[in-house]
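Remember, it's a predicted structure, so these values are computed and weren't measured experimentally.
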There are 2 protein chains.
Amino acid sequence: MSVTIIDVAKASGVSKSTASRVLSNTAYGVSEKAKRDVLEAARALGYIKNTLATGLRTSHTHTVLLIIPDITNSFWAEVARGAQDVFDQKGYSLFLANSDWQADREKRYLEVAIANKVDAVLLNAPDIGQIQLDSLPFPIVELGDKLVDVAHPVVGTDTRKAISEAMEYLWSMGHRRIGMILPSGPEIEGVTSIRYKAYEEFFRSKGQDVDKSLICKTPLTLESGRLQAHRIAALPDRPSALLTGNDLVAVGFLQACSQLHLKVPEDISLMGMDDIPAASMVSPRLTTVAKPQREIGKTAAHIAIDLIEGMTSPAKTLLEANIIERETVRRVL
Amino acid sequence: MSVTIIDVAKASGVSKSTASRVLSNTAYGVSEKAKRDVLEAARALGYIKNTLATGLRTSHTHTVLLIIPDITNSFWAEVARGAQDVFDQKGYSLFLANSDWQADREKRYLEVAIANKVDAVLLNAPDIGQIQLDSLPFPIVELGDKLVDVAHPVVGTDTRKAISEAMEYLWSMGHRRIGMILPSGPEIEGVTSIRYKAYEEFFRSKGQDVDKSLICKTPLTLESGRLQAHRIAALPDRPSALLTGNDLVAVGFLQACSQLHLKVPEDISLMGMDDIPAASMVSPRLTTVAKPQREIGKTAAHIAIDLIEGMTSPAKTLLEANIIERETVRRVL
DNA sequence: AAGGTTGTTGGGAACGTTCCCAAAAATATT
DNA sequence: AATATTTTTGGGAACGTTCCCAACAACCTT
């Protein structure tokens, strides 16, 4: 079939042991000549190591599984790309899995991970209990903004800071009545409440009370962005700026605005969150706060590699979002 | 360490041979009782098969490598998703690789594929020679619109038909002067020329000559879309409709239009290609011809599986694009 | 009841590595 | 020159499966 280490050994006139020593660069205690001969023979024969055999023997596969909700979502695609780039560079191969937010699929993929003896797993899996994750035979790095401390490292965005910087930006542009659209649905990881808290905290720091009528919870979809535009347009005393839970909502809002008698940013300023590709394509181009998506993937990958190599790692890494100024926020007097 | 088939065998009081027989459902010639006992023991012990060992023994890993240019590009993300879904459902795991259009990376990944003994490879790799691909120890399915016949199956879009349907659509909306923006750059796979041919052919079928001044070649980016808008706005006798090489160009065009004295679709109709997510988010929402991205991934996966299982497969599968009517094409008299 | 047939079973080798251990060769020490 | 030390080497077992082959049991035949 394919050329094995034994073929290489024979061709270079040494035993498979020595051949293995040089080919797995575990090799100190091998003569220069032997080294050269083996390497030469390997190259000549086009030897490629069978990683299955290596993995079986060493239980070290140089393989990692990435479990994300949906690769089709640009956020996760960026995360995946970031992770892939560093794994690739470090000689690891990446398995990909889309969970579609279904706990049973997440679980099944973890079995795949065990079966394939991966060295580590990166995942976003809000639905899987910690107990289950802790008993796995490989290190885990979680992708998300989890608040609670868990046994494995988590890397995500510093949402609290992101919100407060976005608010500060709007404030600095002269906005005082700032509305907010929060994600509804099951209170996973306390993500909604951390946003709300940051919002409240911001106003408190400015010596203002929060006006609860400026806040609404809704699923973060295009459609609900449109709906909110209609609602807000009809408001007697509408906010001067709006911070939406993600870019999709903001884009939906924008779409509805062109039909309505609402102009952005003249009548209302709009700020999104995530910086999806479309954010720079709609018009006016959407001002938003970009999560460091690719950076999240990269950091998670680095942490995973550290963990694989037996080093310790930070329990929680929260990366900073940054504001992308475009055309949907205007300065008011 | 983990529980092996021998543990299961012991626990159920049979030999590893019988245990293997039932656990690898190669099992006819094993008593009902033994079957039940083994299954029961396996479940009780939480046995998960070591696929490395299986792979080493059988050289069948139930593993596939997908090499695409960039997962961050929604087109490829969709293809990946489609492939993943069917592989997943058929019990295959998917390795992901981003080549960034670099031939050396493509080659390196092929080595990874060999080293990991994958069962098949799906790739888009215009730069890799056929000779290299043909000598690989696993079936290959190529993703792309290749014209020439090659030794392995190709699945892609029927570009010719897509163009001619798009033209027909514009024609049916009353347009007669239809401009086209073609991809420039190295004439890979003859993709540009097939588009041009379809364009020419269409006019010929309508008994018209093509007006070469309506055609331009340019890299398919946002920026060149903007540039083209400026150029076309200044044209003395501008086309009534424009078919762009992809949605990105169309969106760039659209962006520039809002500053210019050019209204879409009132002054000029616009039709994109690909149906990227942003196409439905810009305003006016972009009419476009959608390639069956996810379907391409699925089909390629099915073909790969057929190939793995020793069945024959169609040499070339060209899937149909379909027109998504939105708001950038208007009917003229 | 002896032989034949079918159905079930277990032992052992194999897949391609790595790694332990002991042997051999080279070098240093007295 | 003999011994001690270090360096380099090769044989064989092991990783967890599958699969070939032979052995055994059970059931039919006649």
**Asked** Is there a side-chain polar atom (N or O) of Tyr47(A) under 4.0 Å from OP1 or OP2 of dT17(C)?
**Response**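 Yes, because at least one side-chain N or O of Tyr47(A) sits under 4.0 Å from OP1 or OP2 of dT17(C).
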Take the protein atom [atom1] of [X] and the nucleotide atom [atom2] of [N], then report the distance between them rounded to whole Å.
X: Lys10(B); N: dG10(C); atom1: NZ; atom2: P; result: 14 Å
X: Leu52(A); N: dT17(D); atom1: CG; atom2: C1'; result: 12 Å
X: Ile6(A); N: dA14(C); atom1: CD1; atom2: C1'; result: 11 Å
X: Lys117(B); N: dT17(C); atom1: NZ; atom2: C1'; result: 12 Å
X: Glu32(A); N: dA26(C); atom1: CD; atom2: P; result: 16 Å
X: Arg21(B); N: dC21(D); atom1: CZ; atom2: P; result: 14 Å
X: Ile5(A); N: dG16(C); atom1: CD1; atom2: P; result: 12 Å
X: Ile48(B); N: dG16(D); atom1: CD1; atom2: C1'; result: 14 Å

Which nucleotide wins on minimum distance to the side chain of [X], given the candidates [options]?
X: Lys49(A); options: dT17(D), dT17(C), dG10(D); answer: dT17(C)
X: Asn50(A); options: dG10(D), dG16(C), dC19(C); answer: dG16(C)
X: Ser15(A); options: dT17(C), dG10(D), dT17(D); answer: dG10(D)

Counting the atoms with a prime plus P, OP1 and OP2 as sugar-phosphate, which does [X] contact under 4.0 Å by heavy atoms, base, sugar-phosphate, or nothing?
X: Lys16(A); answer: base
X: Ser31(B); answer: sugar-phosphate
X: Ser20(A); answer: base

**Request:** Kindly indicate whether the side chain of Ser17(A) and the base of dG11(D) share any N or O donor-acceptor pair separated by less than 3.5 Å?
**Result:**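 Yes, a donor-acceptor pair under 3.5 Å.
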**Prompt:** Salt bridge check: are Asp70(A) and Arg81(B) linked by an N-O gap of less than 4.0 Å?
**Reply:** yes
**Request:** Please determine if Glu40(B) and Arg43(B) form a salt bridge, counting it only when a charged side-chain N lies under 4.0 Å from a carboxylate O.
**Result:**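 Answer for the salt bridge query: yes.
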**Asked** Considering all heavy atoms of both residues, which atom of Val118(A) and which atom of Thr61(A) are nearest to each other, and what is their separation?
**Response** CA-OG1, 3.6 Å
**Prompt:** If you look at every heavy atom in Ile140(A) and Leu307(A), which pair is closest and at what distance?
**Reply:**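 Closest approach of Ile140(A) to Leu307(A): O-CD2, 4.2 Å.
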**Listed once per pair and sorted, the ring-ring contact (aromatic ring centres under 6.0 Å, His included) pairs that draw on residues 100-140 of chain A, sequence neighbours left out** =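 As it turns out, there is no ring-ring contact (aromatic ring centres under 6.0 Å, His included) pair with a partner in residues 100-140 of chain A once direct neighbours are skipped.
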**Request:** By nearest nucleotide on DNA chain C, pick out whichever of Leu56(B) and Ala34(B) is the more 5' one.
**Result:**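 Its nearest nucleotide being more 5', the pick is Ala34(B).
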